[in-house]
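Encoded as C-alpha cells, the structure appears first; notes follow it.
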Amino acid sequence: MTTAHRYKLLILMVIVGVAGESAAQTVESRIRGMAVEVSKNLPMMVNAEVQATAVSASGKRIMFKYNVTKPKEQINTSRLKIEHYENSVHATCSNPGLVNLLKQGAEIIYQFYDSRNSLLFEMSLTQRNCAAN
C-alpha cells in the first residue's frame, strides 16, 4: 500500500465518524466521535518509516500523532513535511464530509515525532487549505 493510499485510509476512517453522525450534533461531538473511531485502528504504519500512533480531540480540533522510526538527525524533515502536506490536503479537500466540517470551523492537526519522541514539526489543515487547493 502506498503512502497516499494509507493517508486515504486514515481519512476514510475519519469519514466513518463523519457519516455516522446526525446533523443535529455539534461539530465538537462529531470530532470526538471521529477520534474514538480512528483510535480503534491505531497504531498503523503509514509507510516503512512513519507510524500513526495516536489521535485526540479537543473542541473543534482533531489531532493525529505520527512517529518516524528514525532519530531526527536521519530525517529529511522538509521532504517529510511536503509529502505529508500534499497527501493530506488532497485526501481531505476531496471529501465533502470533511470539507463541510472544516467550513464549520474544524481543524485537523498533524504532529510528527522522531524515534526519540522529539517533536519534528506540527501542521494543521483548515478551510483555507481547501480553498487554496
Side-chain angles (χ1 to χ4, degrees):
M1 185 179 290
T2 67
T3 300
H5 286 106
R6 289 198 187 266
Y7 284 117
K8 287 180 183 178
L9 179 59
L10 279 177
I11 296 300
L12 181 60
M13 290 188 295
V14 171
I15 293 165
V16 168
V18 173
E21 305 295 337
S22 73
Q25 288 187 309
T26 66
V27 172
E28 292 87 346
S29 65
R30 292 170 67 193
I31 288 174
R32 279 192 306 274
M34 290 165 34
V36 168
E37 289 303 311
V38 171
S39 68
K40 293 176 184 177
N41 296 288
L42 297 179
M44 179 177 67
M45 292 302 293
V46 174
N47 60 35
E49 298 177 350
V50 179
Q51 182 179 46
T53 55
V55 61
S56 62
S58 177
K60 291 185 177 185
R61 295 179 173 169
I62 186 165
M63 184 170 53
F64 294 93
K65 179 182 178 188
Y66 294 87
N67 284 87
V68 181
T69 60
K70 298 178 181 178
K72 185 176 188 172
E73 304 78 36
Q74 297 177 15
I75 300 169
N76 181 338
T77 304
S78 298
R79 180 193 58 78
L80 180 65
K81 190 172 186 177
I82 290 168
E83 177 183 310
H84 180 74
Y85 178 80
E86 291 173 353
N87 286 329
S88 297
V89 168
H90 176 72
T92 300
C93 299
S94 63
N95 180 278
L98 290 176
V99 170
N100 184 44
L101 277 179
L102 294 177
K103 285 180 180 178
Q104 295 177 56
E107 179 180 14
I108 303 171
I109 300 169
Y110 302 94
Q111 292 182 328
F112 280 76
Y113 293 83
D114 73 356
S115 62
R116 297 179 189 127
N117 218 27
S118 294
L119 182 66
L120 296 170
F121 65 89
E122 178 178 297
M123 55 187 265
S124 66
L125 293 181
T126 65
Q127 180 183 1
R128 288 178 296 174
N129 299 100
C130 291
N133 192 11

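Residues take their numbers from the sequence shown, with the count starting at 1. Every value quoted in this text rests on a predicted model; they were computed, and no experiment measured them.
For Lys81, there are no side chain to side chain donor-acceptor pair (under 3.5 Å) partners two or more places apart in sequence or in a different chain. Applying the side chain to side chain donor-acceptor pair (under 3.5 Å) rule to Gln51 yields no partners; only residues at least two apart in sequence or on another chain are considered. Residues passing the side chain to side chain donor-acceptor pair (under 3.5 Å) test with Gln127: none are found, sequence neighbours excluded. A search for side chain to side chain donor-acceptor pair (under 3.5 Å) contacts involving Lys65 returns Asn117, not counting sequence neighbours.
For the pair Ser124 and Ile109, the minimum side-chain heavy-atom distance is below 4.5 Å. Side-chain contact between Arg32 and Val36: absent, with no pair of heavy atoms (C-beta onward) separated by less than 4.5 Å.
Counting all heavy atoms, side chain and backbone alike, Asn67 lies closest to Asp114 at ND2-O, 3.6 Å. When every heavy atom of Gln74 is checked against every heavy atom of Lys70, the shortest pair comes out as O-CD, 3.8 Å. Heavy atoms only, all atoms of each residue included: Ile31 and Ala57 are closest at CG2-CB, 3.7 Å. Here the closest non-hydrogen pair linking Met44 and Asn41 is CB-O, 3.6 Å.
Apart from Ile82 itself, the hydrophobic cluster it occupies contains nothing, where clustering links Ile, Leu, Val, Met, Phe, Trp and Tyr at side-chain heavy-atom distances under 4.5 Å. Hydrophobic side-chain contacts under 4.5 Å tie Val99 to no other Ile, Leu, Val, Met, Phe, Trp or Tyr residue.
Between the OG1 atom of Thr53 and the CE atom of Met45 there is a distance of 10.5 Å, given to the nearest 0.5 Å. The line from CD of Gln111 to CG of Leu120 is 10.5 Å long, rounded to the nearest 0.5 Å. Taken from CG in Leu102 to CD in Glu107, the straight-line distance is 9.0 Å, to the nearest 0.5 Å. Here Met34 contributes atom CE and Leu101 contributes atom CG; the two are 5.5 Å apart, rounded to the nearest 0.5 Å. Of the inter-residue distances, the one linking Tyr113 atom OH with Ile75 atom CD1 reads 13.0 Å to the nearest 0.5 angstrom. Taken from CZ in Phe112 to OG1 in Thr77, the straight-line distance is 10.5 Å, to the nearest 0.5 Å.
With hydrogens and angles disregarded, a donor-acceptor distance shorter than 3.5 Å links the side chain of Ser88 to the backbone of His84. Put simply, the side chain of Ser58 never gets that close to the backbone of Arg61: no donor and acceptor are under 3.5 Å apart.
By the criterion of side-chain heavy atoms lying less than 4.5 angstrom apart, applied directly or through intervening Ile, Leu, Val, Met, Phe, Trp or Tyr residues, Val46 is grouped together with Phe121 in one hydrophobic cluster. If you chain together hydrophobic residues whose side chains sit under 4.5 Å apart, Met63 and Tyr66 never meet in one group. Cluster membership for Met123 and Val89, using ILVMFWY side-chain heavy atoms within less than 4.5 angstrom, is shared.
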- Could you please spell out the steps behind the side-chain contact (heavy atoms from CB on, under 4.5 Å) verdict for Thr92 and Asn129? CA-CA 9 Å; Thr92 300; Asn129 299 100; over 6 Å; no
- Item | side-chain contact (heavy atoms from CB on, under 4.5 Å) assessment of Val50 paired with Glu83 | CA-CA 12 Å; Val50 179; Glu83 177 183 310; over 6 Å; no
